[in-house]
Amino acid sequence: MRRNVIIKTVSRFLVPFIQVYALYVIVHGALGAGGGFQGGVVFAASFILMIIAFGLTCVRERFGYRWIVMLSALGITIYATIGLLCLIPGGNYLEYGSIEAALGIPHLHGYLIDAVEIGIGMTVMAIMTSIIYDMGDTGGESP
Amino acid sequence: MKLKALLAVAFIGIILFWAAGDLPAFGDPEAPATRYTGKLYVDLALSDIGVENIVAAILASYRGFDTLGEVVVIFTAGISVALLLRRGGRL
Amino acid sequence: MIWELDFALLLFMIFCAIAAITVRDLLHATIILSAYSLIMAVIWSEMNAVDVAFTEAAVGAGITTVLFIAAIARTGRRSSD
Amino acid sequence: MIESFYELFFARYNYWMAIILMLIGLYALIAKQNLVKKLIGLNIFQTAIFLFYISLGEVRGGTAPIYLPEGVDALYVNPLPHVLILTAIVVGVSVTAVGLSLIVRIHEEYGVIDEAGLLQELRRR
Amino acid sequence: MSDINLLPVVAIAVPLLASVLILLVGRYENIREGVTITAAVAMLGTVLAMLPSILSGSRITISLLPMVPGGDFALRVDAFGMVFALTAATLWLLNSFYAIGYMRARREHAQTRFYFCFAVAIAAAVGIAFSENLLTLFIFYEILTIITYPLVVHIETPEAMRAGRKYLAYLLVGGVFLLAALVLTYILTGTTTFVPGGFLAGSGSTIVLQVLFLLFMVGFVKAAWMPLHGWLPAAMIAPTPVSAFLHAVAVVTAGVFGIVRIAGWVYGMDLMASLGLGTLLALIASFTIITASLFALTEDNLKLRLAYSTVSQLSYILLGVSMLSIAGMTGAMAHIPIHAFLKITLFFVAGAVIVSTGKEYISEMKGIGRNMPVTALMFAAAAIGICGLPPLSGIISKIYLAVGAVEGGMPVLLLVLIASAVLNAAYFFPVIYTMMLERPDDEFSLAAVSEPPLTMLIPIILTVAISILIFFYPAMPFMDLIDIAIAEITGSVIP
Amino acid sequence: MTLIDHLPVFLIAIPILASLLILVAGWWDRRLCYPISLVTILSQFGAAVIILAQVMREGTVRYYLGGWAPPLGIELAIDSFNGFILTTILLLSAAAVIYARRSVEHEVGPEKTIAFYVLFQLLVTGLVGMTITGDIFNLYVFLEISSIAAYALIASARKPRSYLASFNYLILGSIAGGFILIGTGNLYAATGALNMLDISRLLPASFELATVHAGFLFLVIGYSIKAAFFPLHIWLPDAYAESPSAVTILISTVMSKVSVYALFRIIFTIFTTAYIVDVFPVTGFILFIATVAMIAGAVIAIAQSDLKRMLAYSSVSQIGYIMFALGVANQVALEGGILHILGHAVMKGCLFMVAGLIIYRVGTSRLSDLGGIAKVMPISCAAFALAGASMIGIPPTIGFMSKYYLVLGALEAGHWLYAAILLLGSLLAVGYIWRFIEIAYFRDGRDRGSGAARTLEAPASMLAPMVALALLCLFLGIFVEGLMEIVGPAASLLLGGA
């Protein structure tokens with residue numbers, strides 16, 4: 001199917017901005033509105049735009065299921081592992097304060113939260129993209 | 001079916017309206033929720049965690065476990081959709 | 001917050017909700033649902049729930065709508081009720 | 001009279017509206033024949049519950065729960081319902097996604113997605 | 001814990017162990033049946049080993065494991081339990097030989113299942129005999145119900161399945177009532193352990209205790225009292241060794257055993273009397289005795305006639321209990337082994353006739369006594385015994401019952417006894433007459449008929465012989481045991 | 001802080017990581033899914049046993065996530081009651097996962113293996129989370145994890161009807177989820193707390209508010225839908241009957257029990273007996289409905305022609321028994337109810353395993369096609385008979401023991417009529433159990449050329465857990481006294497004791 005040139009051009013222009021904005025939303029979560037989840041969804045939206053512009057197959061070739069599996073697993077792993085890391089200095093699960101106290105780095109708590117948000121963002125982005133792939137796939141084989 | 005549904009909805013509606021009558025007034029700063037945990041979070045979040053967004057502080061730290069659950073929920077949904085819809089592939 | 005605006009938005013939302021479940025064309029219903037979510041996001045941001053409003057705008061009006069449209073594209077947009 | 005009217009209406013109109021929306025969604029969820037309509041109803045129902053939660057956290061004259069610069073004294077709204085609802089929204093979209101993929105599958109198997117038609121199909125097989 | 005304390009456990013474990021072995025070696029007939037016989041001998045030995053100490057007046061109690069409020073899982077061997085256990089153990093041995101002959105001669109299917117269930121059933125029966133409290137008794141009682149079901153429906157015809165459902169329905173509903181009674185007893189008293197002379201006195205109002213007794217009565221529906229006897233004739237569809245052993249000895253006796261236990265060890269005779277339960281029991285028993293005898297008169301199927309006879313005879317035991325006198329109670333207890341030995345003979349004979357001729361109806365049995373003289377003679381002997389004529393044991397219990405009726409101040413029950421004796425004669429003598437004296441309609445039909453195989457014949461002769469022995473030496477061991485039991489529940493010293 | 005102190009959170013965090021590992025490792029080689037899943041659930045079970053021992057020794061174990069004590073943070077709280085439930089559900093999950101291997105190959109298909117095991121693991125994790133969390137909103141989150149996984153797993157049979165069953169369940173489950181959310185919101189509005197103990201501490205002050213009553217109603221109705229408490233069971237028969245056997249086992253034994261657990265937790269820990277007896281007397285009503293459920297479920301079960309469907313309705317009936325305990329609400333009855341949670345899980349698990357085996361070998365579970373099946377599947381049918389005897393309540397099985405306690409409790413509370421109905425109603429179980437026994441053992445299947453005649457016993461990985469559960473029915477019953485040492489304190493804990 002031939003796709004509209006305007007849409008293609010506009011999305012080629014917009015997608016990077018959307019993705020940068022999504023990253024901004026993810027890390028900005030600690031300061032204002034936003035966070036991993038919202039950012040992940042916005043990131044996934046950029047893929048939706050690409051799917052609309054270039055077609056599902058094209059996008060899926062660039063960003064395949066292998067990536068989705070890796071990123072979704074990695075995201076939760078970051079979250080859960082940071083939680084587990086907190087046990088090492090003797091804190092409870094997810095007790096970021098214990099790492100901050102052990103390493104003596106100020107504001108580490110906030111950075112850890114950012115790291116966690118990035119993990120959330122990864123998983124949400126990957127899974128949302130995966131869901132859209134699966135929902136939009138109207139037959140035909142997949143890689 | 002429609003009638004049954006209406007009856008069920010009416011039943012639920014009655015309970016809801018009845019319950020809403022005893023809810024704290026809208027925007028009441030003296031509501032139990034605001035006065036108790038709400039105030040605690042507002043008072044403590046900055047000193048405890050050091051992030052400006054209280055919601056983010058609660059989301060990621062105080063109730064981080066809920067958020068872990070939330071991420072797992074979305075992960076579950078993704079795998080579920082893959083199980084249901086994906087043809088071929090490894091999943 | 002301004003209660004008149006709030007109230008009007010809520011009324012409009014009820015209207016949207018009723019429309020969404022009565023319209024026979026599922027695609028229209030989905031779009032109306034998306035509008036409903038957006039208004040909801042506005043109301044929430046007006047109630048100082050900015051994070052939630054942002055999420056609802058991205059999820060309710062964004063992803064959910066896309067999912068609905070994708071599903072409708074694969075099933076058909078006519079509904080008997 | 002005015003007082004009681006205020007009590008009845010102004011003090012809680014958000015709740016009334018949320019409840020009405022809940023009921024609309026619940027009705028669609030139960031009574032609508034079309035499965036997609038059911039999910040639309042589900043979305044309305046859930047969003048209305050979220051509205052109910054957010055209304056619980058509202059404080060008159062409050063500001064968003066993001067710390068203002070030091071020295072500025074502010075009344076913040078209750079942030080906890082927001083957190084809960086963030087989680088609940090995710091749950092909602094997850095359920096919607098799974099429900100929609102089930103609908104797609106049902107449509108592939110039976111060719112229809114409304115209950116009356118499904119009953120007919122089931123009887124035919 | 002001395003060794004003797006473990007004997008009751010061994011007595012129950014032996015048949016259970018045997019049942020497992022039977023399942024394992026089921027493919028090899030001889031080994032399987034060898035296991036059955038060995039287990040029967042071992043169990044009889046175990047029971048006999050306990051006999052001296054019981055006869056000396058001691059009791060063996062062993063608490064195995066705590067279970068629920070309302071009783072531990074505990075065993076106790078006392079004189080009365082010993083009566084039942086000894087009867088069951090002896091008859092299991094004899095019946096095993098008989099069953100082997102019967103099942104082989106008939107080439108029955110699913111024999112492994114048959115022997116397995118049989119072994120578990122006997123374990124349950126002995127468990128009932130040795131129960132220390134109501135809970136333990138109930139557990140074994142329910143196991144007995146379930147495990148005898150496959151025996152009843154052994155032939156697997158639709159008719160048998162229907163009968164099986166009826167059997168199960170009666171007995172399981174009975175079980176529920178028994179459970180209700182058990183729980184109620186626990187609620188009222190906080191214990192369910194059997195106490196000689198009863199422990200319920202003063203624990204509840206008259207009406208509660210009366211209702212409780214009714215619950216117990218329905219619970220022990222295995223006693224087949226009328227009008228709740230329907231399962232017993234239905235169960236006659238089972239192979240004859242089952243009818244003989246279970247539905248003349250183990251299952252039905254478990255029912256009456258339970259009622260006697262309740263009367264003597266839960267209520268106590270004084271309480272029974274003050275609640276007026278004796279009269280109620282007497283009414284039920286008299287009604288059952290007379291009605292069941294009348295039913296038996298009209299029944300042409302030999303096994304069914306015997307079944308109704310069993311219903312009637314079991315109520316003798318209830319009648320004895322209802323008299324609430326020492327002699328009546330003695331008669332009731334004595335009737336348990338006496339009736340068992342006599343009735344099993346009759347069933348054995350019925351089975352022998354089926355094996356030899358395939359005939360089940362009395363009207364078809366004309367003249368078979370000519371070809372099977374020993375069998376027919378033994379039938380006649382046992383029938384005479386049931387009717388209460390010497391030199392068989394039947395008369396012993398009847399005399400006690402008669403004395404008890406007078407002693408207990410209910411001479412009207414004498415009439416019942418006499419009427420019943422007449423009816424017994426009326427339904428048994430025609431059978432004897434048909435078998436021994438009438439000429440067959442068709443001379444050739446009996447040409448191939450001969451005595452059953454020895455494995456069947458010898459048990460028949462032995463049971464009659466034991467019945468005669470009991471007549472001449474009633475004391476050892478049954479009457480001695482019963483004396484001890486009576487002394488226990490009346491609180492008098494052991495003679 | 002030793003590692004042992006962190007066991008409660010390992011119960012959830014490690015399985016989540018394990019499910020990711022299953023995904024990644026399975027992506028590499030599909031055969032790795034099963035062993036990882038097995039090892040994870042078995043180690044979860046081990047951890048549960050250790051925690052239970054610790055709870056019995058030292059009392060309630062509390063774990064503050066993130067180091068934030070309530071009311072700020074979320075806590076995991078394990079006392080004797082949910083420690084017991086935890087051990088139970090993990091035991092059954094372990095049995096189900098062992099059993100799942102062949103069932104997956106047969107009913108789900110090789111290309112869906114990875115997703116199946118990931119979701120299986122997540123379902124178990126969600127249920128474990130529901131069991132041990134001490135926070136009412138966290139309970140909802142884990143409920144949704146398990147629900148979503150369950151929807152997909154039910155549909156993983158990939159039969160047309162299983163999609164419908166799953167969708168119906170999704171609709172009702174979402175209604176339930178919504179109600180639970182509303183109920184939680186009402187309680188939050190009334191008290192401002194989300195921690196269960198905190199709510200329970202603050203609640204008496206506002207016992208009279210309509211908000212609290214509504215919160216109670218919504219929570220109870222919501223969890224009753226999830227637990228399939230009559231008449232809210234309408235999703236259950238299809239969901240049980242149309243899903244793959246391993247999933248049926250898991251959702252029928254574990255998932256319904258956890259919902260019942262949540263109901264107990266909400267009613268007794270949050271609202272306390274004082275509320276349901278004095279303030280908002282519902283026990284009589286619950287007792288009545290429970291009795292109706294017992295009878296109706298069994299009667300409908302008798303009328304079924306399909307084995308799995310029959311067992312599904314039997315579950316409706318058996319949930320009635322557990323709710324009966326809730327309605328009586330005294331020590332002895334609650335002991336019976338808690339015992340029945342374990343007992344029913346074990347015996348229903350065994351029965352569904354037999355049904356699954358029959359489907360695996362014969363290809364159908366229609367009762368009329370199963371004549372004489374005991375001749376070719378003797379072990380399975382013996383297991384069915386044993387578990388069935390337990391279902392009927394033949395002593396000395398676990399089914400009898402729980403029923404005994406229930407009757408005893410009902411009589412102690414003076415509910416004579418209900419006790420009588422429970423006793424007689426329990427006989428209805430004979431109706432459906434015996435139908436299968438008769439067909440399997442006493443009906444000749446020789447006239448049917450194909451079908452049962454050539455089938456054999458199933459592979460060991462399916463047989464072993466089944467036999468283990470069947471024997472467990474017996475052993476738990478015989479050694480019930482040891483069990484009561486946990487159940488007794490659990491019941492008194494629910495009633496507000498130490």
Side-chain angles (χ1 to χ4, degrees), chain A residues 30 37 63-103 108-113 115-117 119-120 122-124 126-131 133-135 137 141-143, chain F residues 1-30 33 36 40 61-70 72-77 111-112 114-115 117-119 121-122 125 129 132-135 138 141 145 148 152 155:
Chain A
F37 186 74
F63 186 74
Y65 287 129
R66 184 186 300 268
W67 280 98
I68 287 175
V69 167
M70 286 304 170
L71 279 180
S72 60
L74 185 63
I76 304 184
T77 313
I78 289 175
Y79 199 148
T81 315
I82 288 180
L84 285 178
L85 284 179
C86 302
L87 303 186
I88 296 172
N92 270 358
Y93 190 71
L94 294 174
E95 189 172 350
Y96 310 126
S98 69
I99 297 184
E100 185 179 293
L103 299 184
L108 187 67
H109 202 133
Y111 296 133
L112 282 174
I113 289 179
V116 164
E117 297 272 17
I120 299 172
M122 267 188 206
T123 300
V124 170
I127 291 293
M128 283 298 175
T129 316
S130 155
I131 291 176
Y133 282 176
D134 290 333
M135 291 293 292
D137 184 11
E141 72 294 342
S142 57
Chain F
M1 277 293 209
T2 55
L3 225 47
I4 271 285
D5 296 324
H6 294 295
L7 269 185
V9 78
F10 285 163
L11 268 176
I12 297 172
I14 299 296
I16 288 176
L17 287 172
S19 69
L20 303 174
L21 184 64
I22 294 171
L23 180 66
V24 176
W27 189 265
W28 185 46
D29 186 344
R30 200 171 277 143
C33 295
I36 298 175
T40 314
V61 171
R62 295 186 181 282
Y63 189 90
Y64 299 145
L65 283 154
W68 305 112
L72 286 177
I74 296 172
E75 69 162 348
L76 303 177
E111 72 273 23
K112 297 295 176 195
I114 305 171
Y117 281 113
V118 173
L119 289 175
Q121 185 66 58
L122 287 171
T125 311
I132 63 179
T133 186
D135 187 279
N138 201 235
V141 173
I145 294 178
I148 292 174

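We name chains A, B, ... by the order of the sequence lines, and we start the count at 1 in each one.
For A:Y93, the parts sitting under 4.5 Å from any heavy atom of chain F are the backbone and the side chain alike. Using a 4.5 Å cut-off between heavy atoms, F:L65 touches chain A through backbone and side chain atoms alike. Neither the backbone nor the side chain of A:L74 comes within contact range of chain F; no heavy atom of the residue lies under 4.5 Å from a heavy atom of that chain.
Nearest heavy atoms, A:V69 versus F:V24: CG1-CG2, 4.4 Å.
Few gaps surround CZ on A:F63; more than 12 heavy atoms of other groups in view lie less than 6.0 Å from it.
Rounding to the nearest 0.5 angstrom, the gap separating the OG1 atom in A:T123 from the CG atom in F:L20 is 8.0 Å. Once rounded to the nearest 0.5 Å, the distance linking CH2 of F:W27 with CZ of A:R66 reads 7.0 Å.
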**OP:** Would you please test A:L84 and F:L17 for side chain to side chain contact (heavy atoms under 4.5 Å, CB included) and show each step?
**Re:** CA-CA 11 Å; A:L84 285 178; F:L17 287 172; 3.6 Å; yes
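A search for side chain to side chain donor-acceptor pair (under 3.5 Å) contacts involving F:T40 returns nothing, not counting sequence neighbours.
Proximity of a side-chain donor or acceptor of F:Y63 to a complementary backbone N or O of A:N92 within less than 3.5 Å is not detected.
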